[in-house]
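Below you'll find the structure, written out as structure tokens, and then a few comments.
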Amino acid sequence: NTLVRSELIVERGHEIGASVTPEQVEKVLVTRFQPVPTNPATDPPARLTGTGQELLTSFVEALGVSETEYRIWLEHRLWQDAALEHFLQSASKTADQVFVEWIVAADSVQAQVAFDRVAAGEPFKDVAKELNTDSALSDEGGRVGWVPRGALPEIEPIIFSESLGLGEPIGHHAKRLGSIVIRITDGPSEQPVTYVMRDLVAQDAFLRWVAVQAKDLTFDLSTEDIQWVLRQVSAVSYTHLTLPTKA
């Protein structure tokens, strides 16, 4: 899937204005591996030289890949970044949003405890401070903030439900994020979209674009592609598996 998605972005990325040049790849390599010039007035080289090339060689050897494979991987990462940037720039800076608070509990039992405590009248922020395990999108009181459509597609039907009552705890719901108790305290209303939410919207739009593009594409894997896949598979350790014994 990684290989196909990467090739897809390289093949179709220009249709959304994405592009990556060899100079951009080399610039990233210089930034990562070329030692900083001792003279501040000296510009860094356009390509890896001396110690920088030695550091790159040691790095890829430690990874167990060739320099060519690493450069291809890096180029594909830049293509993905360029495609994501397109959707980020296209994302609206204002949108209809709801104000979300949540408690992502450790498991379904704790989620039910959280729901019962909030439903019984205990302050949401107090319960969240004790039971919320999410620190990426919410603060210690469980405040996620204004959320537009497309930012959190997994719970979008819940938080934008027309039958939803403001201030009422909802849940718990088992999602990929975990077992969640949600509360909507305001909205929907037109609000500025934060950078974090715009980034989430862009990621969702990017994945949807990839899915649409993949429907009508056929990839013929070359011998090199197949060898690459086999190397990835062979790198996986199977020592943790218990093989069935013969009867």
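Because the structure is a prediction, the values reported are computed rather than measured. No hydrogens, no waters, no symmetry mates; every other heavy atom, side chains included, goes into these values.
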Any side-chain heavy-atom pair from [X] and [Y] closer than 4.5 angstrom?
X	Y	answer
Gln191	Thr94	no
Leu78	Glu75	no
Ile159	Val147	yes
Gln89	Glu85	yes
Ile180	Ile103	no

Go through the steps for Trp209 and Ile16 under the test side chain to side chain contact (heavy atoms under 4.5 Å, CB included), then give the verdict.
-> CA-CA 10 Å; Trp209 174 78; Ile16 56 173; 3.8 Å; yes
Shortest non-hydrogen contact between [X] and [Y], atoms and distance:
X	Y	value
Ala151	Val201	N-CG2, 3.7 Å
Leu164	Ile158	CD2-O, 3.6 Å
Gln34	Gly52	OE1-CA, 3.5 Å
Pro45	Thr49	CG-OG1, 4.2 Å

Residue pair [X] / [Y], side-chain donor-acceptor N/O under 3.5 Å:
X	Y	value
Glu130	Gln110	no
Ser138	Asn132	yes
Ser66	Thr68	no

Look only at the side chain of [X] and the backbone of [Y], and say whether a donor-acceptor pair between them is shorter than 3.5 Å.
X	Y	answer
Glu154	Arg176	yes
Gln112	Asp107	no
Gln97	Glu190	no

Cluster question for you: counting only ILVMFWY and a side-chain heavy-atom cut-off of under 4.5 Å, with indirect links fine, are [X] and [Y] together?
X	Y	result
Ile155	Val196	yes
Phe160	Leu166	yes
Leu56	Leu74	yes
Ile182	Phe124	no

Show the numbers, then the answer: is there a side chain to side chain contact (heavy atoms under 4.5 Å, CB included) between Phe87 and Gln203?
-> CA-CA 8 Å; Phe87 290 102; Gln203 290 182 44; over 6 Å; no
Quick check for you: to the nearest 0.5 Å, what is the distance between [X] atom [atom1] and [Y] atom [atom2]?
X	Y	atom1	atom2	value
Arg198	Ser90	CZ	OG	9.0 Å
Gln24	Ser19	CD	OG	6.0 Å
Glu67	Leu48	CD	CG	7.5 Å
Phe59	Arg32	CZ	CZ	7.5 Å
Trp146	Asp186	CH2	CG	3.5 Å

Count the heavy atoms of every other residue, nucleotide or ligand shown that sit under 6.0 Å from CD of Glu15, and state whether that count exceeds 12.
->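 It does: Glu15 CD has more than 12 such atoms within range.
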Would you say Lys27 has more than 12 foreign heavy atoms packed within less than 6.0 Å of its NZ?
->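 No, not enclosed.
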Charged N-O contact under 4.0 Å between Glu168 and Arg183 =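 No, no charged N to carboxylate O under 4.0 Å.
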Going through the checks in order, is the salt bridge (charged side-chain N to carboxylate O under 4.0 Å, His left out) test met by Glu26 and Arg71?
-> CA-CA 9 Å; Glu26 201 65 36; Arg71 284 176 175 271; 2.9 Å; yes
Determine, stepwise, if the pair Trp102 / Leu137 fulfils side chain to side chain contact (heavy atoms under 4.5 Å, CB included).
-> CA-CA 10 Å; Trp102 69 25; Leu137 292 177; 3.9 Å; yes
For the pair Tyr195 and Leu88, evaluate side chain to side chain contact (heavy atoms under 4.5 Å, CB included) and give the outcome as yes or no after the intermediate values.
-> CA-CA 9 Å; Tyr195 181 83; Leu88 182 61; 3.5 Å; yes
Identified side-chain contact (heavy atoms from CB on, under 4.5 Å) counterpart of Val104 within the set Thr133, Leu131, Val144 |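 Answer after filtering Thr133, Leu131, Val144: Thr133.
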When the ring planes of Phe33 and Tyr70 are compared, do they come out parallel, tilted or perpendicular, using 30° and 60° as the limits?
->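 Perpendicular: the ring planes of Phe33 and Tyr70 meet at over 60°.
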